[in-house]
Amino acid sequence: MSLRKTFRLVLIKPSHYDDDGYVIRWWRGGLPSNSLACLYGIAMDCRERQVLGADVDISIEAIDETNWRVRVEDLARTIKAAEAGMVMLVGVQSNQFPRSLDLARQFRRRGVAVAVGGFHVSGTLAMLPERDRSLQEMLDLGVSVFAGEAEGRLDEVLRDAAAGRQQPIYNFLDDLPHLEDRPLPIIPHQQIARVIGHTTSFDAGRGCPFQCSFCTIINVQGRKSRRRSADDIEALIRANVAQGISAFFITDDNFARNRDWEALLDRIIDLREREGWDLRFTIQVDTLCHKLPGFIEKCARAGVRRCFIGLENINPDSLAGAKKRQNKITDYREMMLAWKQARIITVGGYILGFPNDTPASIVRDIRIIQHELPIDMLEFFFLTPLPGSEDHKTLHAKGVSMDPDLNKYDLDHVTVAHPAMTKAEWERAYELAWETYYSWEHIETLMRRAAATGNNISRIVNYALYFKGYHPIEHVHPLEGGVLRLKSRHERRPPLPVEPAWLFYPRYVAETAVKAVRWATLAIRLQRLARKVKADPQRLAYVDQALAPLGNETEKLELFKTRSSEAFLAQRRHVEAAQKPKERAPSP
């Protein structure tokens, strides 16, 4: 009887570098990686099906670098100790590509086979006429690049790696797989234990029907909806509950456009009510979701606690210019009030840097949102030509200068010139946006709105701590946040030097202590403010313009009094008038 051989597969979701060149890593990370979950599930399926033969076991390790240090030397040693193996850099976005290149160089120097996939690879191959320079660097290292989705395709890559005949490019962009009865995304508990709230992730579907010019998803996942079945979702939830996980981030870019949303929510509701499980979900939706009968109500019953909304802007010209035509500012208040009535926290994505934006106009628009729209949190982003988006393709074709450093393409840095603002003005406008929206006055307003509508004030405290604190304290976007920043002296971006121990460690300890004090001070002040609001005997009677019942919005809200808003309203009235049936003249 022969002993079984081992193929060692290491899946790594890379992080990226901060402005000082250090890898962004935390003791406890923030958002979990769905790409890592998908690849781990697919790899486990390959193992169970014995795709490398009955005598070969596939040993799989999943690492999210945002909360787990990648020890290259140790990993390379374990791969060398096996009969065969490889490293896969998965779900790599543009801002993570420089870090991925550095990891690939280290593994390749040690003779380890490497493959890389994700939105940067797929997006640039899908949208650019010639090969991206960064992609060519990977190929020159002998790294295989993988474009498209791995369901049904990982077998081929593993067999090639085991036989030592990896192809330079695996391109499946023109052959997107269906998702029903496919391996389910899952991450081992020991990895999820390093995520805040022990939250895992999965995609219920892929593809988006809209055409936003700044988006990369439609050019990678397509515009046709592909979905997992309700049976798949139930199996996935049961597998996670079995390992003690009950909090989920559904990563569909727009869950409301999943054609089976109702069947999926009904199944989750049944699990909650029949099994008694305290399942909790975060979803992403569009600004039209409230028009789907029963959608928001069923989200609440299914345990949705937070929803991300692609608000993007309140300027109709900016929305039209970005091909975000599905966003109608006249629907914003109705949609947000519906979520608030369901007691679900709303987080709106807001993009800064459209052609007509100036520092003054940005602050004005944010103040309008504060006073007139009942949204809870806003997160701000620079308008960025992400590789793989139509915006990037257009600028590339025109020869417009864009920042060559992919590490900055994290939506938190300026990467291209603005027609009306200097780089310094744009960066200052970005800081003003955070400062203006998360003023102490407005945070108190958010708490009072929560109290008046029966929402949990403590959740406002937690989210305000998150969104108000990360940018000024940790100098990273909140979406890249975590608990307790970890730094390794030797994890620094080349060619920046490795700092001497006598300089690095005292400064790191001092920085950590100062940050801890700032976080504690912010948390204490938020708690005091929350106690003040809770103690107010008139808290349930609070009302403001944002919470006022829907009425003749266009006559009284500043939201509709800008030049572009008035033009949008005039056009809408014209369309509505044209659509009305004409009255018949009376018969003689």
Scan side-chain atoms only and decide if [X] and [Y] contain a donor-acceptor pair under the 3.5 Å cut-off.
X	Y	answer
Asp412	Tyr430	yes
His413	Asp405	no
Tyr466	Glu379	no
Asp357	His418	no
Gln93	Asp410	no
Tyr17	Asp102	yes
Ser213	Asp391	yes

Can you name the nearest heavy-atom pair linking [X] to [Y], along with the distance?
X	Y	result
Ala342	Ala300	O-CB, 3.9 Å
Ala452	Tyr542	CB-O, 3.5 Å
Leu337	Ala548	CD1-O, 4.0 Å
Ala256	Leu292	O-CD1, 3.4 Å
Ala338	His290	CB-CB, 4.4 Å
Cys307	Ile344	N-CG2, 4.1 Å

Stepwise side chain to side chain contact (heavy atoms under 4.5 Å, CB included) check, Ile460 with Asn455: CA-CA 9 Å; Ile460 297 295; Asn455 285 270; over 6 Å; no
Under 3.5 Å, is there a donor-acceptor pair between the side chain of [X] and the main chain of [Y]?
X	Y	answer
Ser94	Leu406	no
Trp426	Leu352	yes
Lys13	Ser35	no
Arg28	Leu484	no

Test item: [X] and [Y] side chains (from C-beta on) under 4.5 Å apart, heavy atoms:
X	Y	result
Leu265	Phe255	yes
Arg301	Glu297	no
Arg25	Asn67	no
Val195	Ile187	no
Met377	Leu446	yes
His371	Asp544	no
Phe382	Tyr409	no
Lys534	Ile457	yes

Out of Lys468, Arg367, Arg428, which residue meets the salt bridge (Lys or Arg N to Asp or Glu O under 4.0 Å) rule with Glu435?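 With Glu435 as partner, Lys468, Arg367, Arg428 yield a single salt bridge (Lys or Arg N to Asp or Glu O under 4.0 Å), made by Arg428.
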Scan Arg493, Lys408, Glu65, Glu480 and name whichever one has a side chain to side chain donor-acceptor pair (under 3.5 Å) with His16.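 When Arg493, Lys408, Glu65, Glu480 are each tested with His16, the side chain to side chain donor-acceptor pair (under 3.5 Å) holds only for Glu480.
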Parallel, tilted or perpendicular: which fits the ring planes of His471 and Trp434, with parallel below 30° and perpendicular above 60°?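 Ring orientation of His471 relative to Trp434: parallel.
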Measure the [atom1]-[atom2] distance between [X] and [Y] for me, rounded to the nearest 0.5 Å.
X	Y	atom1	atom2	answer
Glu372	Leu547	CD	CG	12.5 Å
His392	Thr124	NE2	OG1	8.5 Å
Leu279	Arg305	CG	CZ	9.5 Å
Thr445	Trp440	OG1	CH2	13.0 Å
Leu526	Leu465	CG	CG	6.0 Å
Phe119	Leu386	CZ	CG	10.5 Å

Using the rule given for side chain to side chain contact (heavy atoms under 4.5 Å, CB included), can you reason through Ile309 versus Thr287, listing the C-alpha separation, both sets of side-chain angles and the distance that settles it, and then say yes or no? CA-CA 7 Å; Ile309 304 169; Thr287 59; 3.8 Å; yes
What's the verdict on side chain to side chain contact (heavy atoms under 4.5 Å, CB included) for Gln370 and Thr436, showing C-alpha distance, side-chain angles and the deciding distance? CA-CA 9 Å; Gln370 288 176 315; Thr436 300; 4.1 Å; yes
Under the salt bridge (Lys or Arg N to Asp or Glu O under 4.0 Å) criterion, do Asp376 and Arg449 qualify, and how do the steps go? CA-CA 9 Å; Asp376 295 309; Arg449 288 175 185 167; over 6 Å; no
Are any of the side-chain nitrogens in Arg489 or Glu499 under 4.0 Å away from the carboxylate oxygens of its partner?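 Looking at Arg489 and Glu499, the cut-off is not met.
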Short N-O contact, Asp536 and Arg448, less than 4.0 angstrom: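 Judged by the 4.0 Å cut-off on N to carboxylate O distance, Asp536 and Arg448 do form a salt bridge.
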Run the side-chain donor-acceptor check on residues 395-402: report pairs under 3.5 Å with partners two or more places apart or on a different chain.
from: His396; atom 1: NE2; to: Glu130; atom 2: OE2; distance (Å): 2.4

Tell me whether [X] at atom [atom1] has more than 12 heavy atoms from other residues, nucleotides or ligands lying less than 6.0 Å away.
X	atom1	result
Lys532	NZ	no
Lys393	NZ	no
Trp27	CH2	no

Testing Phe467, Phe380, Phe381 one by one against His477 for a ring-ring contact (aromatic ring centres under 6.0 Å, His included), which residue passes?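 When Phe467, Phe380, Phe381 are each tested with His477, the ring-ring contact (aromatic ring centres under 6.0 Å, His included) holds only for Phe381.
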Chi angles and distances behind the side chain to side chain contact (heavy atoms under 4.5 Å, CB included) call for Ile217, Arg206: CA-CA 9 Å; Ile217 290 174; Arg206 296 174 195 162; over 6 Å; no
Examine Tyr508 together with Tyr22 and report whether their ring centres are nearer than 6.0 Å.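 No, too far apart.
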